[in-house]
Amino acid sequence: MIRTHQAGQLRAEHAGQTVTLAGWVARRRDHGGVTFIDLRDGSGVVQIVFRSTDEAHALRNEFCVKVTGTVGKRPEGNENPELPTGEIEVTVNELEVLSESAPLPFPIDEHVTVGEEARLRHRYLDLRRDGQAKAIRLRSRASAIAREVLGARDFLEIETPTLTRSTPEGARDFLVPVRLQPGSWYALPQSPQLFKQLLMVAGMERYYQIARCYRDEDFRADRQPEFTQLDIEMSFVTQDDIIELGEAIVKALWGELASFDISAPFPRMTYHEAMDRYGSDKPDLRYDIELRDLTSFFAGTEFRVFQAEYVGAVVMQGGAGQSRKELDGWQDWAKARGARGLAYVVLDAETGEARGPVAKNLSEAHLKGLADAAGAQPGDAVFFAAGSKRSSQELLGAARIEIAKRSNLIDESQWSFLWVVDAPMFEPATDDKGKQIGWTAVHHPFTSPNEEWVDRFESAPDEALAYAYDIVCNGNEIGGGSIRIHRGDVQKRVFSLLGISETEAKDKFGFLLDAFQYGPPPHGGIAFGWDRVCMLLAGTDSIRDVIAFPKSGGGFDPLTGAPTPITADQRKEAGVDARPKAPVTSIQPFSSPGATH
RNA sequence: GCCGACGUAGCUCAGUGGUUAGAGCGCUCGCCUGUCGAGCGAGAUGUCGAGGGUUCGAUUCCCUUCGCCGGCGCCA
């Protein structure tokens, strides 16, 4: 090493020692006769002092330098309690400029906010900033912790292909042309789902992988086209085993990285309970607003809007104090979400009298009983949604979150974890006009019905429940999984209900079905959204903060400029324009000798 | 695909239908021996995202377009 110590680790005990440091000029305070420089390396910052003025004068921000000097206690009164190294400083005898830095496109300074585009274009500079560097370091530690927990439990870390064929998740695939077979394409995996199930058939019993996944869908703050899962699968387990493992991982992560001791087992809630009480399959339990089902309360109402399959309400405490403009704002908010509006009633703070546009349409009895039925007090506002149960609950659930935000009810210092279990197996598949044309799998078609439904899910597909579970943290789904179907007869019945013919099943995942002919063990697993987990641990709002080189909107990488057009030669060689011999209308059959499902 | 916001100096942002478009930070130069987001003085830096239109005159108003951010759709 060209240095003897790390800058951030020098302490009073080093006083008197001669040290050689290497790092970057973080800040220069030039007093003429004496110059102070904050020298930064990966470990932190230390103040170095130049008495000979000329060489220090030439230094600029982010020059990479090597210095040799003597560690000394700072003169009394000049200590800096803000810095871990604040008791000491290094007086320089020898300076070597390892490399110079051009003027910076933006300051490497925690106090200055810089636009994301500029930061990503010069991400290597952005990552010199303390907060950004910490997020990346934290992620490394999170991955190490996961490996420690899983390694101690005899899990095998196994890599799976990234050049593969399309797997049955619902997103668009990224495709890769194949030079050796013009006209044929690989797909990048949306997850290692099928491979990890094959590894169970292979007797690996306990698999995990920190796996890159690819989905060609639109962006969000918490979504990237390539993202990472901590992917896990186990044989001979029940749902409770997976949940216990998930809790162990989360406990280890939050214990070390957030200094938060979570008491396991985490609370569990069924999917239906979550929807009924919170209008979300990933409720944030840091605030205790709940939805009220008013369907029976309003049965027989004259008000057309409330003559619906479901009428529900959510209360905004103190919401009656909102201005007309604020109440109108809720209408815009609801319309932006595709709802027609958000009906509301405000309860007079003095008299408790119900007022607002909706109140006129309600009977005397309904107005009188409303506060009780909705769980509201004088001075509150009550928001309503009416229509189909699912969409109304979702609207109220979104309103619940928005109320918490606007009313400042979210305690950011808290962590709320829970499992949402008993997810439905199926939901109606609809055409463009919203007419039901069949059923589609909520999770994926290999998810096992639970014990109660395994023999009769066909009798009421909309009610059938799965051994599927999501782990939720502060209103974010951070992981999810299921027990898989390992019985051929059950799998056949599920395909049949989903309207997937034997031929089609063979086309899409014949290789898995083949494998399942050879004694597949009962198995199940879970996948954590690793970017999201790290984002929460890092306390940031965007997964971009925990990805070293994230993409911006539209899949553009501001640093490399990818994606780029390709040359005519590249096109030709890649076989992008190869014409298939016959038009391909569906995925090509998977051909395998002996596939006799 | 849809909705909303934004785009002015290297960075963060202010501003205006009318003379030469500003601030802070950064940058360059100078001064300064105890600073720590050092201080003081001087200086340089602009396709006001792009194109078109209205106007005597547009960075400002209108239209289109591009970029970016957030949300909806989409993403099991």
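So you know, we letter chains A, B, ... as the sequences are listed, proteins then strands, and number each from 1. Source: prediction; values computed, not measured. Computed over heavy atoms, backbone and side chain alike; hydrogens, waters and symmetry mates excluded.
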Interatomic distance at [atom1], [N] relative to [M], whole Å:
{"N": "B:A42", "M": "B:G52", "atom1": "C1'", "value": "44 Å"}
{"N": "B:C48", "M": "B:C11", "atom1": "P", "value": "15 Å"}
{"N": "B:C69", "M": "B:U59", "atom1": "P", "value": "28 Å"}
{"N": "B:G71", "M": "B:C56", "atom1": "C1'", "value": "44 Å"}
{"N": "B:G30", "M": "B:U16", "atom1": "C1'", "value": "36 Å"}
{"N": "B:G7", "M": "B:C68", "atom1": "P", "value": "16 Å"}

Looking at [N], I'd like to know if its phosphate oxygens (OP1 or OP2) sit under 4.0 Å from a side-chain N or O belonging to [X].
{"X": "A:Arg215", "N": "B:A76", "result": "yes"}
{"X": "A:Arg544", "N": "B:C69", "result": "yes"}
{"X": "A:Gln190", "N": "B:A76", "result": "yes"}
{"X": "A:Arg220", "N": "B:C72", "result": "yes"}

Dot-bracket summary - RNA chain B, pairs being Watson-Crick or G-U whose distances fall under 3.5 Å, with | when paired to another strand: ((((.((..((((....[...)))).(((((.......))))).....(((((..]....))))))).))))....

In whole angstrom, give the distance that lies between atom [atom1] of [X] and atom [atom2] of [N].
{"X": "A:Arg172", "N": "B:C74", "atom1": "CZ", "atom2": "P", "answer": "11 Å"}
{"X": "A:Asp470", "N": "B:C75", "atom1": "CG", "atom2": "C1'", "answer": "14 Å"}
{"X": "A:Phe174", "N": "B:C75", "atom1": "CZ", "atom2": "P", "answer": "15 Å"}
{"X": "A:Asp557", "N": "B:C68", "atom1": "CG", "atom2": "P", "answer": "12 Å"}
{"X": "A:Lys551", "N": "B:G67", "atom1": "NZ", "atom2": "P", "answer": "17 Å"}
{"X": "A:Glu394", "N": "B:C72", "atom1": "CD", "atom2": "C1'", "answer": "12 Å"}
{"X": "A:Asp332", "N": "B:C2", "atom1": "CG", "atom2": "P", "answer": "20 Å"}
{"X": "A:Phe446", "N": "B:A76", "atom1": "CZ", "atom2": "P", "answer": "14 Å"}

Is a donor from one side chain sitting under 3.5 angstrom from an acceptor on the other, for A:Trp453 and A:Glu463? no

Between [options], which nucleotide gets closest to the side-chain atoms of [X]?
{"X": "A:Asn80", "options": "B:A76, B:C36, B:U12", "answer": "B:C36"}
{"X": "A:Arg121", "options": "B:U35, B:C11, B:A76", "answer": "B:C11"}
{"X": "A:Glu117", "options": "B:A76, B:C36, B:G67", "answer": "B:G67"}
{"X": "A:Ala171", "options": "B:A76, B:G37, B:C68", "answer": "B:A76"}
{"X": "A:Ala221", "options": "B:G71, B:G10, B:U12", "answer": "B:G71"}
{"X": "A:Phe36", "options": "B:C68, B:C74, B:U35", "answer": "B:U35"}

Within the structure shown, what part of the strands sits under 4.0 Å from [X] by heavy-atom distance: base, sugar-phosphate, or nothing?
{"X": "A:Glu116", "value": "sugar-phosphate"}
{"X": "A:Pro105", "value": "sugar-phosphate"}
{"X": "A:Glu402", "value": "nothing"}

Mind checking whether [X] and [Y] have side chains closer than 4.5 Å, heavy atoms only?
{"X": "A:Leu95", "Y": "A:Leu59", "value": "yes"}
{"X": "A:Gln229", "Y": "A:Ser191", "value": "yes"}
{"X": "A:Asp126", "Y": "A:Phe106", "value": "yes"}

Between A:Glu116 and A:Arg544 (salt bridge meaning N to carboxylate O under 4.0 Å), is one present in this structure? yes

Decide, yes or no, whether a salt bridge links A:Lys196 with A:Asp231 under the criterion of side-chain N to carboxylate O below 4.0 Å. yes

Is the centre of the A:His57 ring less than 6.0 Å from the centre of the A:Phe50 ring? no

Aromatic ring proximity, centroids under 6.0 angstrom, A:His5 and A:His14: yes

Using 0.5 Å steps for rounding, measure from the NZ atom of A:Lys492 to the CD1 atom of A:Ile500. 14.5 Å

Rounded to the nearest 0.5 Å, how far does CZ of A:Phe528 lie from SG of A:Cys534? 11.5 Å

Sub-4.0 Å heavy-atom contacts from residues 471-486 of chain A onto RNA chain B, ordered by number: none

Can you confirm whether A:Glu427 is buried at CD, in the sense that more than 12 heavy atoms of other residues, nucleotides or ligands lie under 6.0 Å from that atom? yes

Which residue lies more 5' along RNA chain B, comparing A:His31 with A:Leu83 via nearest heavy atoms: A:His31

Comparing A:Thr447 and A:Thr113 on RNA chain B - which has the more 5′ nearest nucleotide: A:Thr113

Each nucleotide N or O in nucleotides 26-31 of chain B that has a protein N or O under 3.5 Å away: list the pair and distance.
unit_1	atom_1	unit_2	atom_2	d
B:C27	OP1	A:Asn61	ND2	3.3
B:U28	OP1	A:Arg60	NE	2.9
B:U28	OP2	A:Arg60	NE	3.3
B:C29	OP2	A:Arg60	NH2	2.7

Does the ring of A:Trp330 carry A:Arg406 above it, NZ/CZ under 6.0 angstrom from centre and within 45° of its axis? yes

Would you please determine if the base of B:C11 is stacked by A:Phe106, with stacking meaning a centroid separation under 5.5 angstrom and planes under 30 degrees? no

Closest non-hydrogen atom pair between A:Leu396 and A:Phe383, with its separation: CD2-O, 3.8 Å

Could you point out which residue of A:Asp222, A:Asp545, A:Asp541 forms a salt bridge (charged side-chain N to carboxylate O under 4.0 Å, His left out) with A:Arg532? A:Asp222

